[in-house]
There are 2 protein chains.
Amino acid sequence: MIAGSKLRMTKQRQLILEELRKVTSHPTADDMYQVLRKKMPKISLGTVYRNLEILSDTGIIQKIDVGGTQKRFDADISTHYHIRCTICGRVADVHMEPHMELEAEAQKLTDYEILHHRVEYIGICPECRKKQS
Amino acid sequence: MIAGSKLRMTKQRQLILEELRKVTSHPTADDMYQVLRKKMPKISLGTVYRNLEILSDTGIIQKIDVGGTQKRFDADISTHYHIRCTICGRVADVHMEPHMELEAEAQKLTDYEILHHRVEYIGICPECRKKQS
DNA sequence: CCTCAATATAGTAATAATTATTGTTTTATT
DNA sequence: AATAAAACAATAATTATTACTATATTGAGG
């Protein structure tokens with residue numbers, strides 16, 4: 001979340017940001033790479049990782065970690081909750097107001113200084129539910 | 001969470017469970033390995049991983065994933081919330097009642113079938129706070 | 001309490017995700 | 001246009017975890 005750092009706007013960085021802003025699927029670095037290489041065949045996976053890292057460090061995008069083996073990225077930097085399908089791993093937004101009172105409640109019970117909180121739901125997505133029945 | 005599976009009680013498995021039950025520090029597999037090898041020098045890291053996996057699959061312990069690069073384990077299988085220190089990575093319990101109404105609220109807003117939820121706090125632990133000032 | 005098949009083990013190799021290195025190219029400022 | 005800083009592609013290295021394999025242990029049935 002370090003702001004004010006003047007990033008150079010390279011073709012690669014611009015495309016990465018552009019493509020991430022087009023989707024709401026919370027892609028992994030490799031998901032992004034697969035999409036990006038169609039438009040820029042010489043882009044390297046390292047560049048994708050490095051830029052997603054830089055963009056999230058500067059607060060332009062957010063890195064999310066909702067279980068599974070890979071990190072995911074989201075161009076929506078507002079505080080919002082996620083739900084993850086326990087079968088296919090897909091991650092979706094849950095459009096509810098964040099419960100800020102959870103922080104006040106927890107602060108009474110812990111010696112830690114609470115900075116923020118995350119709520120994650122685990123469930124089954126419509127597609128996987130269909131396949132089950 | 002598959003119950004009824006009859007596990008063989010090996011010395012290794014017993015010790016792993018015993019040591020995990022002694023702590024509230026949510027150790028990683030490697031943390032466990034470092035402690036265990038003092039009491040059983042020939043135990044292998046693979047055995048630690050395999051048993052922590054089996055024990056969590058059968059619901060005897062729980063595997064937790066609160067960000068960071070390593071999975072953590074907890075002998076306390078009740079639903080409870082965690083807080084993670086953003087500086088040192090330490091994870092502690094937050095002893096508050098789970099807010100089950102979060103699930104009902106989210107269920108109205110998503111097509112996913114909600115199975116459960118997790119709340120994770122991010123903050124600074126007392127030790128790291130001391131060092132900062 | 002012995003036998004034996006199933007399961008677990010130690011040790012090691014393999015895999016997956018991510019990060020680091022390096023020599024070259026690009027950016028954007030002078 | 002010159003140039004220094006930053007970013008790039010390609011590749012190597014690292015970290016966490018899982019898989020493999022030959023040997024050893026467990027516990028049920030006799």
Side-chain angles (χ1 to χ4, degrees), chain A residues 2 4-20 26-58 60-74 84 88-89 91, chain B residues 2 4-20 26-58 60-74 84 88-89 91:
Chain A
I2 301 113
S5 48
K6 43 191 169 180
L7 293 186
R8 212 185 252 185
M9 206 33 83
T10 63
K11 289 186 177 74
Q12 291 84 343
R13 185 166 295 159
Q14 201 160 317
L15 183 62
I16 289 168
L17 189 51
E18 210 170 89
E19 292 298 316
L20 186 61
H26 312 84
T28 63
D30 195 70
D31 289 341
M32 287 296 291
Y33 178 56
Q34 298 309 329
V35 170
L36 292 161
R37 62 192 314 193
K38 285 176 190 160
K39 306 210 169 172
M40 190 184 278
K42 302 232 69 178
I43 199 169
S44 88
L45 181 56
T47 296
V48 177
Y49 270 103
R50 182 168 24 77
N51 279 299
L52 289 171
E53 191 63 33
I54 290 169
L55 290 169
S56 60
D57 279 353
T58 50
I60 297 169
I61 65 173
Q62 82 176 115
K63 195 200 284 199
I64 60 185
D65 185 355
V66 282
T69 54
Q70 290 157 284
K71 299 279 188 300
R72 292 172 174 274
F73 297 88
D74 192 344
R84 161 178 246 270
C88 68
V91 174
Chain B
I2 299 115
S5 47
K6 43 190 169 178
L7 293 187
R8 211 186 251 186
M9 207 32 82
T10 62
K11 290 185 177 75
Q12 290 83 348
R13 185 165 296 157
Q14 201 161 318
L15 184 63
I16 290 168
L17 189 52
E18 211 170 88
E19 292 298 316
L20 186 61
H26 312 84
T28 63
D30 197 69
D31 290 341
M32 287 295 292
Y33 179 56
Q34 298 308 330
V35 170
L36 291 161
R37 63 193 313 192
K38 286 175 190 158
K39 304 208 170 176
M40 190 183 277
K42 301 231 71 175
I43 199 168
S44 87
L45 182 56
T47 295
V48 177
Y49 269 104
R50 183 166 23 77
N51 279 300
L52 289 171
E53 191 63 33
I54 290 169
L55 290 169
S56 61
D57 280 353
T58 51
I60 297 170
I61 66 172
Q62 82 177 113
K63 194 199 283 198
I64 60 185
D65 185 355
V66 283
T69 55
Q70 290 157 283
K71 298 281 187 299
R72 292 172 175 271
F73 297 87
D74 192 344
R84 160 178 247 272
C88 69
V91 174

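Values reported hereafter were calculated over all heavy atoms of this structure, with side chains retained and with hydrogens, waters and symmetry mates removed. All chains are named by letter (A, B, ...) in the order of the sequence lines, taking the proteins before the strands, and each is independently numbered beginning at 1.
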In whole Å, I'd like the distance from the CG atom of A/L52 to the P atom of D/dA7.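 Going from CG in A/L52 over to P in D/dA7 covers 14 Å.
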Would you kindly give the CG-to-C1' distance between A/D65 and D/dA16, to the nearest whole Å?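 Checked: the CG to C1' distance equals 14 Å.
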Residues two or more places apart in sequence or in another chain: which of them pass side-chain hydrogen bond (donor to acceptor under 3.5 Å, both in side chains) with [X]?
X     : value
A/T47 : A/S44, A/R50
B/D30 : B/Q34
A/E53 : A/K63

Scan for side-chain hydrogen bond (donor to acceptor under 3.5 Å, both in side chains) pairs involving residues 7-16 of chain B, sequence neighbours excluded, and state none if there are none.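 Applying side-chain hydrogen bond (donor to acceptor under 3.5 Å, both in side chains) to every pair that reaches into residues 7-16 of chain B, excluding sequence neighbours, yields B/R13-B/N51.
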Listed by chain and number, what are the salt bridge (charged side-chain N to carboxylate O under 4.0 Å, His left out) partners of [X], not counting sequence neighbours?
X     : value
A/K42 : none
B/K38 : none
B/D31 : none

Between the protein and nucleotides 28-30 of chain D, are there any N/O to N/O pairs under 3.5 Å, and if so, what are the atom names and distances?
none

So do B/I16 and B/M32 actually touch side chain to side chain, heavy atoms under 4.5 Å?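 Yes, close enough: below the 4.5 Å cut-off.
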Side chain to side chain contact (heavy atoms under 4.5 Å, CB included) with A/D74: which residues, sequence neighbours excluded?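 Partners of A/D74 under the side chain to side chain contact (heavy atoms under 4.5 Å, CB included) test: A/H26, A/Q62, A/I64, A/D76, A/H80, A/H82, A/D93.
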If you compare all heavy atoms of B/Y33 against all heavy atoms of B/L45, which two are closest, and at what distance to 0.1 Å?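 B/Y33 and B/L45 have their closest heavy atoms at CE1-N, 3.5 Å.
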Each nucleotide of nucleotides 6-22 of chain C classed B (base within 4.0 Å of a protein heavy atom), S (only sugar-phosphate) or -, in 5' to 3' order, makes BBSBBB-----SBB---
State, to the nearest 10°, the angle formed by the axis through the first five base pairs of the helix from C/dC1-D/dG30 to C/dT30-D/dA1 and the axis through its last five.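 Comparing the first five pairs with the last five, the axes sit 30° apart.
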